[in-house]
Each structure stands twice: as structure tokens, then as C-alpha cells.
Amino acid sequence: MPNNDRPRRARPGPPSHELDDYEGPSRSQLKREADALQKLGQELLELPDSRLDAIGMDEALRQALREAKKITAHGGRKRQLQYIGKLMRQVDADPLAEAVAAFKLGHAHDQLRLHRLEALREELLASDDALQRYISEHPGVDVQQLRSLLRSARKDAAANPEARSGRGFRELFQFLKAQPEPSDA
């Protein structure tokens, strides 16, 4: 049976009526912001060195990023990321976030273009109408080389329909990849 005669102790810290006057960010909000900066630091690590060098940033942060790329131990890497997050609290993170977003967007555009080229290759292999449409959309294309590559890729596909990775198939893709987009011309 609990002893109800014991006096209760006051809770440590300021009285609750003093907490109502506080106007700054909460500890939770500060923690979320620090975690966001640390995550941005990790995304900066994923950028190639050439991109990192092009971004205007504090030299201490740049050096910390270089060091983090060298660290392979999990614990050491985690500590280095925390240090990067600490350094990022002292700099304006908006240009860094924009650089990461621009890199990701450019990478997404590249992936989308490759998927469109793969679909175009499939269309060209499937019908001659697609070939005529491609030639009319790309007036500067080397038609003779394109037809030769198509014949070679179709021959590879007929010889082994399951494995569509013959030399002609790859060369056709490389040829299409080297062609400028119709909007670029």
C-alpha cells in the first residue's frame, strides 16, 4: 500500500508559468533543423568532387567533406557527419541545398533521356514507319549509318531473341544517344 503521507518534491526547472513567455524555437525544432543540416551534409558527400569544387562554401566545410569521403569506418563516418552538420549551422545552407537539388534534377533528366532513347530504339526495331518518322524529325541524321545499325540490331535480335544485347543493339543505342534532341537543333 502506497504511503500518501510523504511530501511531494517540486519538479526541477522553472515554474510552468514562466515557460509560457518563451518565444524561441523549441528544443525539438532545433533538433529537427540540426538533423536536416546533417542530412544535407550527407547529400553533399554524394556529389562528385567536381561539383563540390564548383560550389562556393566555407573552406573548413569543404575540408570536412573531403575527410568524410575518406572515412570508411561506420562510427567515424557518423561522427564526421555530425561535425559537418555542426559546421553547416554556421553557414548559409540555402545555396548548398540548391546545388544538391540541381544535381539531382540534372541526374533525373539524364535518366529520363536514357529511358526515352531505349523506347525509341525499341520502336525503330519494331517498324519502318518509326524509322521514317525519326528521319523526318532529325534532318541532319546519317540515314545510311542508321539503316545499317538497324539491320545489324535486327539481325542480332533474330539470332537470339532472349538476349537483346548484341553488338548492333548497343551500337544503335550509342548512335541514338549521340544525336542531338530535336529541340536542340
Side-chain angles (χ1 to χ4, degrees), residues 35-59 61-74 77 80-81 84-85 88 91-185:
D35 287 344
L37 288 175
Q38 189 172 339
K39 184 175 184 275
L40 179 59
Q42 188 161 5
E43 290 174 343
L44 282 170
L45 280 177
E46 295 168 5
L47 293 179
D49 289 335
S50 60
R51 279 290 176 123
L52 277 179
D53 293 338
I55 300 172
M57 69 174 79
D58 184 48
E59 190 56 38
L61 179 59
R62 186 182 314 277
Q63 185 62 32
L65 288 167
R66 283 190 196 119
E67 291 296 321
K69 286 188 175 195
K70 296 176 187 175
I71 299 173
T72 57
H74 178 71
R77 188 172 177 88
Q80 187 69 11
L81 281 172
I84 289 170
M88 290 187 64
V91 298
D92 184 19
D94 290 338
L96 301 175
E98 288 174 11
V100 169
F103 177 74
K104 287 182 177 179
L105 184 63
H107 187 67
H109 282 303
D110 293 343
Q111 290 295 319
L112 183 62
R113 181 170 188 264
L114 292 178
H115 289 298
R116 281 196 312 258
L117 289 174
E118 288 173 355
L120 176 62
R121 175 178 60 184
E122 292 299 324
E123 287 178 32
L124 290 173
L125 288 172
S127 75
D128 288 331
D129 292 337
L131 174 62
Q132 292 305 320
R133 194 171 47 249
Y134 182 81
I135 291 171
S136 66
E137 291 173 358
H138 296 80
V141 70
D142 184 358
V143 178
Q144 184 177 2
Q145 184 181 7
L146 178 59
R147 288 183 192 271
S148 171
L149 290 170
L150 267 174
R151 273 193 305 274
S152 176
R154 286 177 181 163
K155 184 178 176 184
D156 288 347
N160 193 358
E162 292 84 31
R164 299 184 68 122
S165 61
R167 181 177 175 187
F169 200 68
R170 290 188 306 271
E171 286 178 353
L172 176 62
F173 183 79
Q174 293 302 320
F175 177 80
L176 293 173
K177 187 174 158 186
Q179 298 303 312
E181 295 284 322
S183 60
D184 293 346

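Source: prediction; values computed, not measured.
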Q: Surrounding CD of Gln144 (heavy atoms of other residues, nucleotides or ligands, distance under 6.0 Å), is the total greater than 12?
A: no
Q: Among all residues two or more places apart in sequence or in another chain, which pass the side-chain hydrogen bond (donor to acceptor under 3.5 Å, both in side chains) test with Arg66?
A: Gln63
Q: Using side-chain heavy atoms (C-beta onward) and a distance below 4.5 Å, is Leu150 in contact with Asp128?
A: no
Q: If we only count heavy atoms from C-beta on, is the Gln174 to Leu149 side-chain gap below 4.5 Å?
A: no
Q: Quick check: closest heavy atoms across Gly168 and Ser152, and the distance to 0.1 Å?
A: CA-OG, 3.4 Å
Q: Within this structure, what is the CD-CG distance for the pair Glu123 and Asp129, rounded to the nearest 0.5 Å?
A: 11.0 Å
Q: Side chains of Glu46 and Val100, heavy atoms from C-beta outward: is any pair under 4.5 Å?
A: no
Q: Is there a side-chain contact between Leu44 and Met88 in this structure, where contact means two heavy atoms from C-beta onward sitting under 4.5 Å apart?
A: yes
Q: Could you grab the distance from atom CZ of Arg151 to atom CG of Leu125, nearest 0.5 Å is fine?
A: 13.0 Å
Q: Let me confirm one number: the CG-CG distance from Leu96 to Leu52, rounded to the nearest 0.5 Å.
A: 9.5 Å
Q: Does any pair with a residue in residues 108-133 pass ring pair (Phe, Tyr, Trp, His ring centres under 6.0 Å), and if so which ones, sequence neighbours excluded?
A: none
Q: Got a sec: does the CD of Glu43 have more than 12 other heavy atoms crowding it under 6.0 Å?
A: yes
Q: Under a 4.5 Å cut-off applied to non-hydrogen side-chain atoms, are Lys177 and Arg113 in contact?
A: yes
Q: Can you see which heavy atom on Ala153 is nearest to which on Leu172, and at what distance?
A: CB-CD2, 4.2 Å
Q: Specify the closest pair of heavy atoms between Ile55 and Arg62, including all atoms of both residues, with the distance to one decimal.
A: O-NH2, 3.0 Å
Q: Heavy atoms, side chains only, cut-off 4.5 Å: are His107 and Gln111 in contact?
A: yes
Q: Got a sec, which residues hit salt bridge (charged side-chain N to carboxylate O under 4.0 Å, His left out) with Lys69, two or more places apart in sequence or on another chain?
A: Asp49
Q: Do Gln179 and Leu120 come within less than 4.5 Å of each other through their side chains, counting heavy atoms only?
A: no
Q: Atom CZ of Arg133 and atom OG of Ser127: how far apart are they, to the nearest 0.5 Å?
A: 6.5 Å
Q: For the residue pair Gln145 and Phe175, what are the closest heavy atoms and their distance?
A: OE1-CE1, 3.4 Å
Q: To the closest 0.5 Å, what do you measure between CZ (Phe173) and CG (Leu124)?
A: 12.0 Å
Q: Rounded to the nearest 0.5 Å, what separation is found between the CG atom of Leu146 and the CG atom of Leu176?
A: 6.5 Å
Q: Ignoring hydrogens, what is the shortest heavy-atom contact between Ile84 and Ala68? Give both atom names and the distance.
A: CD1-CB, 3.8 Å
Q: Could you tell me if the side chain of Leu65 sits less than 4.5 Å from the side chain of Leu47, heavy atoms only?
A: no
